[in-house]
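Letters go in sequence order (proteins before strands), and every chain restarts at 1.
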Number of protein chains: 2
Amino acid sequence: MAAHDLTDRPADDARNEPQHETRQALLDAAEELFAEHGIDGTSLRAITRHAGANVAAIHYYFGSKEGLVQEVFARRLAPLAAERLARLEACGEAGEESLQPGEKTLECILRAFVEPFVELGWSIDRGTSAPHLSGRLMAQVITDRGDFLRGALAAELRETFDRFGRALTLAVPHLDREELIARFNFAIGTLVHAVGGIRLFDEENRALERSDALVDRLVAFLVAGFRAPAC
Amino acid sequence: MAAHDLTDRPADDARNEPQHETRQALLDAAEELFAEHGIDGTSLRAITRHAGANVAAIHYYFGSKEGLVQEVFARRLAPLAAERLARLEACGEAGEESLQPGEKTLECILRAFVEPFVELGWSIDRGTSAPHLSGRLMAQVITDRGDFLRGALAAELRETFDRFGRALTLAVPHLDREELIARFNFAIGTLVHAVGGIRLFDEENRALERSDALVDRLVAFLVAGFRAPAC
DNA sequence: GTCTATATAGCGATAGAC
DNA sequence: GTCTATCGCTATATAGAC
């Protein structure tokens with residue numbers, strides 16, 4: 001299973017007193033409502049109503065709506081980045097019956113990138129105790145809130161980007177840097193839309209609803225895409 | 001070139017009197033501002049200010065903000081669908097030195113799907129006379145506004161989806177229906193994010209800015225993805 | 001067909017009691 | 001740490017003059 005539990009609140013510095021339970025309730029409510037109605041479409045009043053708290057509490061804990069939004073993402077992106085990097089690290093360990101030197105590696109790299117994100121996106125819909133950051137919310141931010149991600153959360157994303165970029169460079173040596181970056185971007189789009197994009201027609205839901213099959217299909221698709229000859 | 005000109009306003013039923021020029025100005029302004037600040041983030045006041053018109057004009061022509069939003073999309077999606085289908089139709093015509101029966105076909109199908117969308121997404125940034133629906137706006141709607149696309153515009157999308165789905169079924173016979181739908185969805189995500197997604201780091205911009213190279217790279221990536229063995 | 005003026009409602013944010 | 005009350009602002013939408 002996962003090296004980190006993506007479904008739990010962050011470690012919170014050892015002690016875990018329910019001192020800040022209002023704070024947690026606000027984050028949970030915000031996360032759920034943001035995912036459903038979008039960030040702009042969710043008022044502070046709706047959040048506090050849902051959390052059984054008060055408008056002023058948000059400003060007490062987070063200073064502003066913007067501060068709340070940042071916290072909602074920060075508490076998910078940090079474990080996500082850690083989990084991805086941990087799985088990437090674990091890729092080279094087992095000496096298996098690989099066909100070629102880079103062969104097994106590419107699949108493992110992409111799975112390390114894809115699987116934690118799919119698990120994170122799925123967790124909100126699976127009736128677990130607390131609501132979690134859904135894929136929809138991630139997708140919204142990735143498509144709509146560039147400045148936001150570029151700002152506060154860039155460092156964490158940068159590390160993930162760099163480490164996976166380096167691993168991919170070794171795994172797919174026939175691509176130059178520019179082509180590799182383009183394909184990595186394609187992979188991000190594929191992943192984000194698969195987890196958080198809309199399903200226009202019912203058939204799509206059936207084809208994408210099981211998360212284990214989705215991961216396998218994503219990885220197969222992306223491995224082939226990266227292996228494609230350079231343009 | 002294109003069979004339809006995606007950069008022009010729709011044919012407007014032969015006559016082209018500037019009778020509704022305020023209406024067109026409102027649509028242009030809305031499209032530009034929606035793409036830049038999001039739909040929720042764009043007020044009617046901002047639109048009318050930008051169009052040199054008045055708040056009441058929007059309600060006169062479109063009834064509500066929602067009506068305006070629908071019109072903004074409808075006037076782009078119809079030519080987009082027509083262009084895609086026209087290019088798909090043109091695929092089987094030239095009897096070339098194909099390696100295998102489905103070989104050339106798959107690339108042509110995917111190019112017919114990808115290229116008109118890239119051209120549409122790019123047109124807004126190229127200083128043409130009128131502002132156009134950018135890829136960012138399409139991406140926003142595809143990720144955030146499922147109900148909206150499922151409703152008013154579903155018919156047009158349904159036809160595109162069906163026709164390309166049938167063509168792909170023939171071109172990639174090793175995939176069953178569910179797997180094909182999943183991969184088609186992957187392709188949509190790749191395309192949408194490549195055209196409308198954010199670029200976290202400068203390097204990505206360099207790798208994705210030239211639209212002709214982008215189309216080639218997208219098609220190469222997607223062809224390989226569809227050719228990947230079934231899971 | 002386009003305008004000004006305004007109605008009504010909701011927003012984020014803050015002050016201050018407890 | 002949590003509450004009520006409210007400020008100041010902007011939103012969508014509409015009525016009615018021209």
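- Among residues at least two apart or in separate chains, ring-ring contact (aromatic ring centres under 6.0 Å, His included) pairs with a member in residues 199-222 of chain B are A:F161-B:F201, A:F186-B:F221.
- Put simply, CG on B:D40 is 14 Å from C1' on C:dG10, counting in whole angstrom units.
- B:D216 is linked by a salt bridge (charged side-chain N to carboxylate O under 4.0 Å, His left out) to B:R111, counting only residues two or more places apart in sequence or in another chain.
- The separation between A:I58 atom CD1 and C:dC11 atom C1' is 12 Å, rounded to whole Å.
- Here the C1' atom of nucleotide C:dC3 and the OH atom of B:Y61 are 13 Å apart, to the nearest Å.
- Side chain of A:R84 to main chain of A:F113: a donor-acceptor pair is present (N/O by atom type, distance under 3.5 Å, no hydrogens or angles).
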Nucleotides 13-18 of chain C: protein proximity per nucleotide (B base, S sugar-phosphate only, - neither; heavy atom, under 4.0 Å): BBB---

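- Proximity of A:T22 to the phosphate of D:dG1: no side-chain N or O atom is located under 4.0 Å from OP1 or OP2.
- Taking atom CD1 of B:I47 as the reference point, atom P of D:dT10 lies 17 Å away to the nearest angstrom.
- The side chain of A:S43 lies closest to C:dG12 when the candidates are D:dG1, C:dG12, C:dT2.
- Heavy atoms of A:T48 sit nowhere under 4.0 angstrom from any nucleic acid atom.
- Applying the side-chain hydrogen bond (donor to acceptor under 3.5 Å, both in side chains) test to residues at least two apart or on different chains, the pairs with a partner in residues 63-73 of chain A are A:R23-A:E71.
- For the pair A:R49 CZ and D:dC3 P, the computed distance is 14 Å after rounding to whole Å.
- Residues passing the salt bridge (charged side-chain N to carboxylate O under 4.0 Å, His left out) test with B:R183 are B:E179, sequence neighbours excluded.
- Sorted by first and then second residue, the pairs that involve residues 40-56 of chain A and meet salt bridge (Lys or Arg N to Asp or Glu O under 4.0 Å), not counting sequence neighbours, are A:D40-A:R145.
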